[in-house]
2 protein chains.
Amino acid sequence: MDRVDKILAQWKRERPDLDTEAMGIMGRLKRLTTHLAREVDQVLQQQGLSSSSFDVLATLRRSGAPYRLSPGDLLSMTMVSSGTMTNRIDQLEKAGLVERVLNPDDRRSVLIALTEAGLAAVETAVGLHVANQQRLTQGFSAEEKEQLDGLLRKFLATFE
Amino acid sequence: MDRVDKILAQWKRERPDLDTEAMGIMGRLKRLTTHLAREVDQVLQQQGLSSSSFDVLATLRRSGAPYRLSPGDLLSMTMVSSGTMTNRIDQLEKAGLVERVLNPDDRRSVLIALTEAGLAAVETAVGLHVANQQRLTQGFSAEEKEQLDGLLRKFLATFE
DNA sequence: ACCACGTATCTTGACGTCAAGATAAATGGC
DNA sequence: GCCATTTATCTTGACGTCAAGATACGTGGT
């Protein structure tokens with residue numbers, strides 16, 4: 001009987017006509033990801049990064065040397081609006097972790113490049129971040145993790 | 001090969017030392033809940049409600065008649081800060097969906113009460129919302145839904 | 001009865017986000 | 001070559017959120 005069960009029991013009492021099966025799954029998903037986001041943020045914050053900043057730095061890092069992508073490339077990889085991406089880049093640029101480099105091939109565009117400090121920051125952070133993610137999932141057996149991943153993959157395929 | 005697989009493949013190439021199993025699960029969870037939140041918001045928005053507003057109205061509705069809870073009660077049921085709850089109540093009060101009623105037993109406190117308009121709004125919205133949640137999970141068999149719910153329950157139990 | 005402490009709510013200031021629109025440069029049909 | 005259209009990025013204004021602190025009231029020990 002967890003918190004979501006209590007919510008479902010309330011609905012059962014007040015609105016017995018409602019089928020709460022989907023509500024249970026969605027409620028657990030929402031609460032779970034709120035908790036997970038807080039745990040993830042805490043580790044990144046100790047490195048002086050928000051999860052938004054880390055998201056951009058990590059995208060640049062995993063794109064490979066020379067660690068440069070246009071704002072449009074970053075946009076297509078990160079599920080945020082263009083205004084949000086501009087803001088993220090502004091913050092990272094202020095912090096000296098990325099710089100805007102002119103794109104010689106297209107003057108509408110710029111390239112966002114990891115600075116040395118940005119590369120160093122993301123290399124440290126990604127190690128701690130992955131270790132933290134492992135910690136958060138360590139309650140599951142290998143089989144359960146595979147099962148969960150499979151179900152999430154199928155669910156996600158509905159949208160992507 | 002979904003988007004998360006592509007991200008993991010990039011990391012594999014750039015940082016083969018990192019174990020990406022947990023990252024895959026967490027990444028799918030995050031992308032999935034972003035998509036789900038957008039779908040949920042869309043239905044509620046057609047009723048003139050944000051998911052934040054609906055969250056409060058639904059909590060009041062399922063608490064049963066006379067549909068009154070203190071801000072503190074609402075806080076303990078909704079994973080937000082006290083400042084956020086004050087703001088949510090302010091918005092709902094402006095919209096005429098709830099009202100602040102003096103608590104005769106404790107003058108530090110108030111009771112947040114559904115108005116007639118608020119009750120009507122939540123009754124309509126909750127039906128559409130639940131139907132929408134069912135639509136979003138309809139790709140799964142009964143067995144898969146049960147499996148997913150069980151895994152999420154276990155995961156959530158880590159935190160609650 | 002008093003007062004120190006606890007409790008309940010609200011305020012403030014800073015962020016991160018989005019939708020919509022503005023700006024500037026490239027492109028393609030003629 | 002010109003201009004309408006498309007593309008790439010940035011700007012603006014509004015919202016929702018939080019942490020930290022302020023305010024106001026209740027409570028219990030003396």
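Quick note on labels: first sequence line is chain A, next is B, and so on, each numbered from 1.
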**Message:** Contact between B/Val40 and A/Met26 at the side-chain level, heavy atoms closer than 4.5 Å - yes or no?
**Reply:**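 B/Val40 reaches A/Met26 side chain to side chain.
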Check this one for me: any side-chain N or O of [X] less than 4.0 Å away from OP1 or OP2 of [N]?
| X | N | result |
| --- | --- | --- |
| B/Arg107 | D/dG26 | yes |
| B/Arg88 | D/dC15 | no |
| B/Ser109 | C/dA8 | no |
| B/Ser52 | D/dT17 | yes |

Could you tell me how far apart [X] ([atom1]) and [N] ([atom2]) are, to the nearest whole angstrom?
| X | N | atom1 | atom2 | answer |
| --- | --- | --- | --- | --- |
| A/Leu102 | C/dA26 | CG | P | 12 Å |
| B/Arg100 | C/dA8 | CZ | P | 16 Å |
| A/Met85 | D/dT9 | CE | P | 10 Å |
| B/Leu44 | D/dG16 | CG | C1' | 15 Å |
| B/Asp106 | C/dG6 | CG | P | 17 Å |
| A/Asn103 | D/dA8 | CG | P | 11 Å |
| A/Asp105 | C/dT27 | CG | C1' | 15 Å |
| B/Ile89 | C/dA8 | CD1 | P | 14 Å |

**Salt-bridge criterion met for B/Arg153 and A/Asp5 (N-O under 4.0 Å)** = yes
**Asked** Can a salt bridge be assigned to the pair A/Asp2 and A/Arg31 using a cut-off of 4.0 Å between side-chain N and carboxylate O?
**Response** no
**Candidates B/Thr86, B/Ile89, B/Leu111 - the one meeting side chain to side chain contact (heavy atoms under 4.5 Å, CB included) with B/Pro71** = B/Ile89
**Prompt:** Which nucleotide in the list C/dC10, C/dC18, C/dT17 gets nearest to the side chain of B/Arg38?
**Reply:**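 So the side chain of B/Arg38 is nearest to C/dC18.
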**Message:** Nearest heavy atom decides the nucleotide; on that basis, is A/Thr86 or B/Val80 closer to the 5' end of DNA chain D?
**Reply:**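 Mapping each residue to its closest nucleotide by heavy atoms, the 5'-most match is A/Thr86.
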**Asked** Is any N or O donor-acceptor pair between the side chain of A/Arg108 and the base of D/dT9 shorter than 3.5 Å?
**Response** no
Within the 4.0 Å heavy-atom criterion, would you say [X] contacts the bases, only the backbone, or no part of the nucleic acid?
| X | result |
| --- | --- |
| A/Asn87 | base |
| B/Gly83 | base |
| B/Thr84 | base |
| B/Ser81 | base |

**Prompt:** Between B/His35 and A/Phe159, what is the ring plane arrangement, given parallel below 30°, perpendicular above 60°, and tilted in between?
**Reply:**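 Rings of B/His35 and A/Phe159: parallel, under 30°.
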